[in-house]
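The structure appears below as structure tokens.
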Amino acid sequence: MTRLIMIGCLPVPRLLLINPNTDTDMTYRMVTHAEAQLAGAVAIEAVTARFGARYITNQVSVTIAGHAVLDALACAHGPFDGVLVACFGDPGRDALASICSVPVIGMAQASLLRAARQPGRFSIVTGGREWKPMLVNLIQAMGLSARLASIRILPAAGNVLANGGLPACRQIARACNEAVHEDGAARVVLGGAGLAGFAARIAPDVAAPVMCSLHESLQEARHLLSRPVRRMPHRDRMETVGLSPELQRYLAFGVDICANQN
């Protein structure tokens with residue numbers, strides 16, 4: 001799924017959006033949000049993981065997705081000016097960043113850092129019971145524990161909430177208000193690809209600002225792509241067994257798919 005946009009004779013920056021979930025409908029929805037938000041300032045190419053969980057909900061699926069995003073990168077058609085890992089667990093982000101010459105943005109990393117830059121503490125609201133310990137570990141690794149007011153978890157996973165209509169909006173808004181009134185949150189981050197678009201829908205019913213993790217990560221990508229800086233990552237050739245032909249070739253030859261090879 002490619003959206004190549006030109007301004008005059010010059011191409012705009014290209015962002016590779018990787019959906020680590022295998023749900024292609026979710027990829028389409030995220031691209032629709034991205035195109036509306038970026039309004040032609042960034043060209044989007046989106047790829048969906050070829051294997052793994054339909055929707056990532058636990059540590060096993062996050063671990064599998066880390067492999068899947070590397071495979072997705074190897075199968076993509078560059079060059080790109082940035083890569084967005086469009087899942088709130090940021091699976092594979094660190095590995096991608098180690099082999100790409102362009103910025104690699106994680107949905108969780110970007111949205112949580114943007115929330116932490118503002119006054120007061122923030123809360124996270126997302127769906128799926130097994131996300132809480134994973135998010136606690138992520139917050140600790142980012143050094144943001146003191147900035148976190150709470151993590152509120154809804155029982156249904158994000159892909160279920162995405163199709164939940166008005167009842168889902170009410171559940172999410174209620175969790176956000178509990179984070180504000182009971183936990184002292186100055187703002188709430190809605191985490192996950194499945195909750196993309198909900199922030200704007202529930203904002204009038206929540207007593208503090210609501211931040212969409214997809215929206216925030218796209219804003220961060222736009223900011224980074226406005227001042228492109230390429231680096232030369234250190235890459236050793238890797239002999240592998242059992243990987244897809246694309247990923248095996250990518251790792252064996254050490255080619256940076258994000259760079260312009262012309």
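Throughout, residue positions are numbered sequentially from 1 according to the sequence presented.
Pairing each heavy atom of Ala41 with each of Val12, the nearest pair is O-CB, 3.7 Å. Closest approach of Pro20 to Val85, counting heavy atoms only: CG-CG1, 3.8 Å. For the residue pair Leu161 and Gly127, the shortest heavy atom distance occurs at CD1-CA, 4.1 Å. For the residue pair Gly66 and Pro91, the shortest heavy atom distance occurs at N-CB, 3.8 Å. Nearest approach of Leu138 to Ala108, heavy atoms of both residues: CD2-CB, 3.6 Å. Closest heavy-atom contact between Ala186 and Pro119: CB-O, 3.8 Å.
The hydrophobic clustering, which links ILVMFWY residues whose side-chain heavy atoms are closer than 4.5 Å, places Ile172 and Met107 apart. Follow the hydrophobic side-chain contacts under 4.5 Å out from Val160 and you never reach Ile153; the two are in separate clusters.
With a 4.5 Å cut-off on side-chain heavy atoms, Leu190 and Cys176 count as touching. Side-chain atoms of Val189 and Thr126, non-hydrogen and from C-beta on, never get closer than 4.5 Å to each other. Contact of the Cys75 side chain with the Val47 side chain is not registered, since no non-hydrogen atoms from C-beta on lie closer than 4.5 Å. Taking the side chain as every heavy atom from C-beta outward, Leu148 and Leu112 never approach each other to under 4.5 Å. Two residues are said to be in side-chain contact when any heavy atoms from C-beta on lie closer than 4.5 Å; Phe88 and Leu195 fail this criterion. Counting heavy atoms from C-beta outward, Leu73 and Cys100 have side chains that approach closer than 4.5 Å. With a 4.5 Å cut-off on side-chain heavy atoms, Val136 and Pro133 do not count as touching. In this structure, Val69 and Val83 have side chains that are not in contact, with every pair of non-hydrogen atoms separated by 4.5 Å or more.
Thr22 places a side-chain N or O within 3.5 Å of a backbone atom of Ala53 that can act as its donor or acceptor partner. Under the 3.5 Å distance criterion, the side-chain polar atoms of Ser217 are left unmatched by any main-chain donor or acceptor of Gly106. Remark: the backbone N or O of Ser244 is not paired with any side-chain donor or acceptor of Arg249 at under 3.5 angstrom.
Between the CG atom of Leu224 and the CD atom of Gln219 there is a distance of 11.5 Å, given to the nearest 0.5 Å. Expressed to the nearest 0.5 Å, how far OG of Ser123 lies from CD1 of Ile151 amounts to 8.5 Å. Put simply, CZ on Arg121 and OG on Ser145 are 11.5 Å apart, with the number rounded to the nearest 0.5 Å. Between the CG atom in Asn58 and the OG atom in Ser61 there is a gap of 4.0 Å [rounded to 0.5 Å]. Atom-to-atom distance recorded for His33:NE2 and Ile44:CD1 is 13.0 Å, nearest 0.5 angstrom. Rounding to the nearest 0.5 Å places CE of Met142 at 3.5 Å from CG of Leu113.
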What pairs of donor and acceptor atoms, side-chain ones from residues 196-210 against any protein atom, are under 3.5 angstrom apart with sequence neighbours left out?
none

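Side-chain atoms of Gln37 and His215 include a donor-acceptor pair closer than 3.5 Å.
Among residue pairs with one or both ends in residues 97-110, none qualify as salt bridge (Lys or Arg N to Asp or Glu O under 4.0 Å); sequence neighbours excluded. Residue pairs meeting the side chain to side chain donor-acceptor pair (under 3.5 Å) criterion with at least one member in residues 161-177: none, sequence neighbours excluded. Listed by first then second residue, pairs satisfying salt bridge (Lys or Arg N to Asp or Glu O under 4.0 Å) with a partner in residues 139-155 read Arg152-Glu178, Arg152-Glu182, Arg152-Asp183, not counting sequence neighbours. Listed by first then second residue, pairs satisfying salt bridge (Lys or Arg N to Asp or Glu O under 4.0 Å) with a partner in residues 84-108 number zero, not counting sequence neighbours. Applying the side chain to side chain donor-acceptor pair (under 3.5 Å) test to residues at least two apart or on different chains, none of the pairs has a partner in residues 130-142.
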Item to complete: List the steps and the verdict of side chain to side chain contact (heavy atoms under 4.5 Å, CB included) for Arg29 and Thr32.
Response: CA-CA 5 Å; Arg29 288 196 297 271; Thr32 299; 5.6 Å; no
Practice prompt. Please assess Leu15 against Leu218 for the test side chain to side chain contact (heavy atoms under 4.5 Å, CB included), listing each intermediate value before the final yes or no.
Written response: CA-CA 10 Å; Leu15 178 68; Leu218 288 168; 4.1 Å; yes
Worksheet item: Do Val31 and Tyr28 pass the side chain to side chain contact (heavy atoms under 4.5 Å, CB included) test, and can you show the C-alpha distance, the side-chain angles, and the key distance before you say yes or no?
Response: CA-CA 5 Å; Val31 169; Tyr28 178 79; 5.7 Å; no
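For Gln109, the side chain to side chain donor-acceptor pair (under 3.5 Å) criterion is met by no residue, not counting sequence neighbours. For Arg50, the salt bridge (charged side-chain N to carboxylate O under 4.0 Å, His left out) test picks out Asp71, Glu246, with sequence neighbours left out. For His67, the ring-ring contact (aromatic ring centres under 6.0 Å, His included) criterion is met by Phe51, not counting sequence neighbours. Applying the side-chain contact (heavy atoms from CB on, under 4.5 Å) rule to Thr240 yields the partners Met238, Leu243, Gln248, Leu251; only residues at least two apart in sequence or on another chain are considered. Taking Glu216 as the reference, Ser111, Arg114, Met211 meet the side-chain contact (heavy atoms from CB on, under 4.5 Å) condition, with sequence neighbours excluded. For Ala157, the side-chain contact (heavy atoms from CB on, under 4.5 Å) partners are Tyr55, Thr57, Asn159, not counting sequence neighbours.
Checking Asp23, Thr24, Asn19 one by one against Asn21, the side chain to side chain donor-acceptor pair (under 3.5 Å) holds for a single residue, Asn19. Among the candidates Ile105, Leu70, Val102, the single residue satisfying the side-chain contact (heavy atoms from CB on, under 4.5 Å) test with Leu96 is Leu70. When each of Leu225, Leu16, Leu17 is tested with Phe80 by the rule side-chain contact (heavy atoms from CB on, under 4.5 Å), just one qualifies, namely Leu16.
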